[in-house]
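Note that the structure is predicted; figures quoted are calculated from it, not measured. Every chain is numbered from 1, with letters handed out A, B, ... down the list of sequences.
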Amino acid sequence: MLIVMKHKLDCQILFTSSRLHLKNGTIQPMKKELPKAYEPGKYEPDILKLWQKANSFAPQKNAKGKPFSIIMPPPNANGSLHAGHLMFVVEDIATRYARMQGRPALWLPGTDHAGIETQVVYERELQKQGKSRFDLGQEKFYDEVWEFVEKHKGGILTQFQSMGFSADYSKLKYTLDEDVVEIVYDTFDKLHKDGHVYRGNRIVNWCSSCNSAFPDIELDHVERKDAMYTIDYGSIKIATTRPETIFADSAVAVNPNDKRYKDLIGKTATIPLINREIPIIADNLVDPKSGSGALKVTPAHDFNDYEIGLRHQLPEISVIDTEGKMINVPEEFAGLEVETARRLVIEALETAGKLVKVTPLTHAVAIHDRCKTVIEPLISEQWFLRIKDLNKPVIAAIESEKVVFYPKRFKKIALDWLAQEHDWCISRQNWWGIRIPVYYKTSNDPQKDTYIIAKNETEAESYYGKGNYRAETDIFDTWFSSGQWPFATLMSTGDFDTFFPTTLMGTARDILHKWVTRMIMFSLYRTGDVPFRDVYLWGLVTDEHGQKLSKSKGNYDDPMEITKEFGTDALRLALSIGITPGNDGKLSLEKIKGYRNFCNKLWNVARYTTAKLPDDFVLGDVKLETPADHWLVGRLNSAITSVTKNIEAYRYSEAGQTVYSLLWDDLADKYIEYSKSDLNPTMLAYGLDTVLRLLHPFAPFVTEAIWQQLWTNSNLITEHWPKVIHKPSTAEAKKFELQIIDILASKQKEADKVMAAKLQKELAAKQNLLQLIQAKLQNEAFVVNAPKDLVEGERAKEEHTKHEITQLEAKLARIKKTT
RNA sequence: GGGUGAUUAGCUCAGUUGGCUAGAGCGUCUCGUUUACACCGAGGAUGUCGGGGGUUCGAGUCCCUCAUCACCCACCA
């Protein structure tokens with residue numbers, strides 16, 4: 001038995017009007033004067049208010065099902081909605097679906113202080129005033145950025161709400177919230193106690209513009225035209241692209257199996273210009289085929305050389321400082337920028353007759369992904385996380401599918417990365433972020449300063465007594481803190497016990513390594529459990545040509561402008577249908593327009609339906625009266641089953657497509673047309689009811705706007721998910737089904753007959769054509785005299801026609817079998 | 001160098017464990033303005049599912065191979 005809702009329509013409309021349009025005082029016209037076209041802008045703000053007033057985004061108190069939760073990837077607190085946030089629609093669909101399933105559903109939103117990104121933005125502001133962060137000092141700079149972010153904070157959340165993102169905004173967290181930072185500090189302390197953290201003087205990627213170290217994963221590579229210089233080292237000739245670093249050489253390495261240099265191993269080479277003698281050593285890392293087969297070893301300025309240096313205990317001589325200037329070099333080069341120094345060193349080498357040859361070379365240069373400055377490897381004191389042991393449980397959890405990736409292929413990609421990840425440099429020399437909670441007790445000899453993990457100086461003193469303390473100035477890599485986001489947020493909102501581990505993490509596939517794997521790592525380390533069960537990774541949203549959306553390219557319309565013109569639902573549908581997990585999704589105005597039309601179709605189905613309902617309409621038990629009723633209920637049932645199944649498997653494109661076709665093809669084009677001659681209002685109402693429910697997670701605004709004009713006094717957002725009714729088990733239903741099958745079959749037969757005749761004709765024509773071609777090709781005069789490509793063309797045509805004939809014959813055979 | 005994805009109608013893309021007589025939207029052609037909707041309806045055309053090989057009763061789907069494009073990782077003296 002199905003009882004949907006009972007209400008008198010007229011009363012409902014008055015009620016709805018006052019609710020929807022209270023603020024601007026406009027009165028919703030009566031049902032028959034509803035506008036012909038759905039105007040999203042007229043309804044969306046009110047619908048949003050309706051949901052907010054009902055507190056519908058918070059987990060429903062009476063919900064009894066299994067808790068459902070998503071932690072929102074925190075957007076930059078300081079930013080505004082951009083293409084990168086659009087796919088959050090995926091998380092909203094999941095949340096709305098879970099809510100309708102009767103589960104307590106929490107989508108927890110948060111904002112990110114966005115370390116370097118925001119620092120760069122604010123430094124640009126300072127630049128406009130002719131200042132740099134160094135004029136302010138670390139503390140003042142931090143305070144000013146804090147103020148700056150506070151001022152802009154919130155804009156993005158308003159935009160998220162207007163996208164219909166049904167996150168629980170009352171629980172909003174910020175990455176610099178005190179309680180979150182506290183948890184990050186505890187993690188660091190624990191990691192340190194367990195021996196996973198160390199401070200070391202090691203080679204790092206240095207960005208001289210940001211004045212900070214960065215891990216490999218935050219680098220990009222660009223192709224650059226350069227030259228390779230072969231330099232005379234006395235006993236041996238060496239090829240290099242970095243002649244300015246010859247002063248930092250501590251050895252020359254050759255491959256032990258390289259016959260050319262076998263006798264030189266153990267002897268020395270001489271660095272030109274400074275005439276320093278360095279040993280010639282053997283190391284397997286050297287590729288005999290590369291360059292001259294001899295490698296100058298510069299442990300302080302090259303990652304491979306650093307490794308070789310460690311193996312052979314070579315001295316590490318630094319010749320480039322953190323500003324990117326030359327140091328510890330002959331006076332004429334000291335203080336120069338790297339590029340300038342290179343030019344002058346080459347000139348000097350040439351003058352000294354030590355430059356053997358110059359060959360042009362195109363190679364990839366590492367740059368910092370944020371500021372695009374060329375990265376300089378150099379030795380610096382940093383904090384590192386020993387990653388190998390920490391990653392072991394992560395690998396186990398992914399292998400045993402305690403965390404499941406959608407699409408599946410990312411499982412392997414994540415595992416491959418985890419197995420080879422190097423120790424993670426977690427310190428940054430930036431100023432906007434969470435300061436590493438370390439104090440140094442100063443002594444006369446700075447080399448002998450001892451450090452203590454402490455949140456503040458008082459805490460430090462409780463360990464080492466009164467004295468002079470120096471606070472660590474380095475801050476954490478943003479990913480170090482955001483890696484703890486899932487449990488840190490839930491712990492601080494008090495929802496940990498109910499909602500952890502979370503159900504789903506949806507995020508962009510390009511932060512799989514930086515973020516997803518590290519969340520799993522931190523979570524397993526701190527809580528013993530994975531942070532989420534499922535990971536949905538989406539690709540880039542691009543324009544219709546696959547170009548990244550960007551304002552400078554001019555192919556980017558502000559999403560807010562799009563929604564204003566076509567409606568939020570149209571944009572949301574364009575983002576959910578035809579875009580599959582893991583792949584880039586193309587967005588075009590045409591596509592959005594199409595879904596705007598779809599929303600309008602739905603609107604008009606609702607107009608038609610309400611117009612057909614009698615004034616005293618009561619929707620109760622749905623009785624199947626006409627053959628079309630039986631047909632429709634079958635369509636509805638299979639749509640409910642299929643949409644449910646597809647949403648649960650995160651196949652939103654399939655699910656959306658199914659509802660689309662259910663509304664347009666089945667309900668609108670067929671059932672409504674049929675109903676014009678044989679009307680069953682109850683069935684019509686039931687059809688609309690089901691479509692609205694199924695569509696709500698995808699297009700929340702239009703469905704709710706319609707719902708508010710119907711016979712119900714509830715809100716669709718917290719309504720239940722539709723259930724299959726009238727399973728075709730009754731004899732009556734089967735009878736009608738058979739009838740319909742019969743009708744369809746006889747129609748099919750007729751169509752087949754027509755088709756067969758048509759195919760026969762086509763086949764004859766093709767056979768004729770083939771004969772003509774073959775005759776031509778058998779004509780020797782043609783084959784010999786005609787231009788070659790003409791003959792080739794004929795041959796291709798022959799092949800093609802043959803293929804077509806086989807296809808036609810096969811088709812014909814199939815049709816004949818059925819008739 | 002290692003890996004992943006894509007290649008399906010003019011365009012943009014779906015196609016889950018092999019069952020497909022290959023779909024959708026847009027575009028195109030023909031016809032149609034009768035009060036749900038022209039942000040519309042009815043009907044039509046268009047496909048060697050990148051090439052080649054294989055497994056199978058059956059392949060768009062699985063395997064091998066080649067090609068092109070995109071991306072990721074590593075390296076680049």
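With A:Asp584 contributing its side chain and A:Leu540 its backbone, the two residues share a donor-acceptor pair below 3.5 Å. At least one donor-acceptor pair closer than 3.5 Å links the side chain of A:Lys591 to the backbone N or O of A:Ala574. A distance-only check finds a donor-acceptor pair linking the side chain of A:His301 to the backbone of A:Val319 [under 3.5 Å]. Here the side chain of A:Glu44 pairs a donor or acceptor atom with the backbone of A:Thr568 at under 3.5 angstrom. Formation of a donor-acceptor pair under 3.5 Å by the A:Asn600 side chain with backbone atoms of A:Tyr38 is found in this model. Side chain of A:Arg224 to main chain of A:Ala364: no donor-acceptor pair is present (N/O by atom type, distance under 3.5 Å, no hydrogens or angles).
The nearest whole Å value for the distance from the OH atom in A:Tyr660 to the C1' atom in B:C39 is 11 Å. Rounding to whole angstrom units, CD1 of residue A:Ile577 and C1' of B:C26 are separated by 14 Å. B:C26 atom P lies 16 Å from atom CG of A:Leu587, rounded to whole Å. Rounded to an integer number of Å, the gap from A:Leu285 CG to B:C75 P is 10 Å. What separates NE2 of A:His301 from P of B:A77 is a distance of 15 Å, to the nearest Å. Rounded to whole angstrom, the span from the CG atom of A:Asp584 across to the C1' atom of B:C72 amounts to 12 Å. Nucleotide B:C71 holds its P atom 12 Å from the CG atom of A:Asp510, rounded to whole Å. Rounded to whole angstrom, the span from the CG atom of A:Asp302 across to the P atom of B:A77 amounts to 7 Å.
Out of B:A74, B:C37, B:U4, the shortest distance to the side chain of A:Asp216 is found at B:A74. Nearest nucleotide to the side chain of A:Thr241, out of B:A77, B:A14, B:A74: B:A77. Closest approach to the A:Asp669 side chain among B:A77, B:U4, B:G41 is made by B:G41 (side chain taken as heavy atoms from C-beta onward). Taking the side chain of A:Glu654 as heavy atoms from C-beta on, and the options B:A77, B:A14, B:A36, the nearest nucleotide is B:A14. In this structure, the nucleotide among B:G15, B:U4, B:A77 sitting nearest to the side chain of A:Thr580 is B:G15. With distances taken from any side-chain atom of A:Trp417 to the nucleotides B:C73, B:U4, B:A77, the minimum falls on B:C73. Here the side chain of A:Lys601 is nearest to one of B:A24, B:G41, B:A77, namely B:G41. Listed nucleotides B:A77, B:C39, B:C73 differ in distance to A:His513; the shortest reach to its side chain belongs to B:C73. Distances from the side chain of A:Arg596 to the nucleotides B:C39, B:G5, B:A77 place B:C39 closest. Side-chain proximity of A:Ala37 to B:A36, B:C39, B:A77: nearest is B:C39.
Aromatic ring pairs are classed by plane angle as parallel below 30°, tilted from 30° to 60° and perpendicular above 60°; the pair A:Tyr595 and A:Tyr660 is perpendicular. The aromatic rings of A:Trp515 and A:Trp479 sit tilted relative to each other, their planes meeting at an angle between 30° and 60°. Between A:Phe698 and A:Tyr652, the ring-plane angle classifies as perpendicular under the 30° and 60° cut-offs.
For B:G19, the paired base is B:C57 (Watson-Crick or G-U wobble, both distances below 3.5 Å). Pairing for B:C40 goes to B:G32, judged as Watson-Crick or G-U wobble with the two contacts each under 3.5 Å. Across all strands shown, B:A67 forms a Watson-Crick or G-U wobble pair with B:U7, both key distances being under 3.5 Å. Remark: B:A14 base-pairs with no nucleotide; criterion is Watson-Crick or G-U wobble with both hydrogen-bond distances under 3.5 Å.
Distances shown here put a side-chain N or O of A:Trp664 below 4.0 Å from the OP1 or OP2 atom of B:G41. Within the structure, every side-chain polar atom (N or O) of A:Lys591 is placed at least 4.0 Å from both OP1 and OP2 of B:G25. In this model, the phosphate group of B:C40 is approached by a side-chain N or O of A:Asn597 to a distance below 4.0 Å at OP1 or OP2. At the phosphate of B:A36, OP1 or OP2 sits under 4.0 Å from a side-chain N or O atom of A:Lys676. OP1 or OP2 of B:A77 has at least one side-chain nitrogen or oxygen of A:His363 nearer than 4.0 Å.
Taking the C1' atoms as reference points, B:A59 lies 15 Å from B:U17, given to the whole Å. To the nearest whole angstrom, the two P atoms, one in B:G5 and one in B:C62, are 10 Å apart. Taking the C1' atoms as reference points, B:G15 lies 9 Å from B:U61, given to the whole Å. Rounded to the nearest Å, the gap between the P atom of B:C69 and that of B:U28 is 32 Å. For the P atoms, the distance linking B:A38 with B:U33 amounts to 15 Å, nearest Å. B:C11 and B:G50 have their P atoms separated by 14 Å, with the value rounded to a whole Å. Rounded to whole Å, the separation between the P atoms of B:U8 and B:G52 comes to 15 Å. Across the C1' atoms, B:G60 and B:U21 are found 15 Å apart, a figure rounded to whole Å.
If you check every strand for non-hydrogen atoms under 4.0 Å, A:Ala668 touches a base. Among the atoms of the strands shown, none is found under 4.0 Å from any heavy atom of A:Asp416. Counting non-hydrogen atoms under 4.0 angstrom, A:Lys593 reaches nothing in the nucleic acid. Using a 4.0 Å heavy-atom criterion, one finds that A:Ala364 contacts the bases of the nucleic acid, with or without backbone contacts as well. Nucleic acid contact class of A:Ile672 (heavy atoms, under 4.0 Å, all strands): base.
Ranked by how close their nearest RNA chain B nucleotide is to the 5' end, A:Gly578 and A:Lys612 are led by A:Gly578. Ranked by how close their nearest RNA chain B nucleotide is to the 5' end, A:Ile579 and A:Phe598 are led by A:Ile579.
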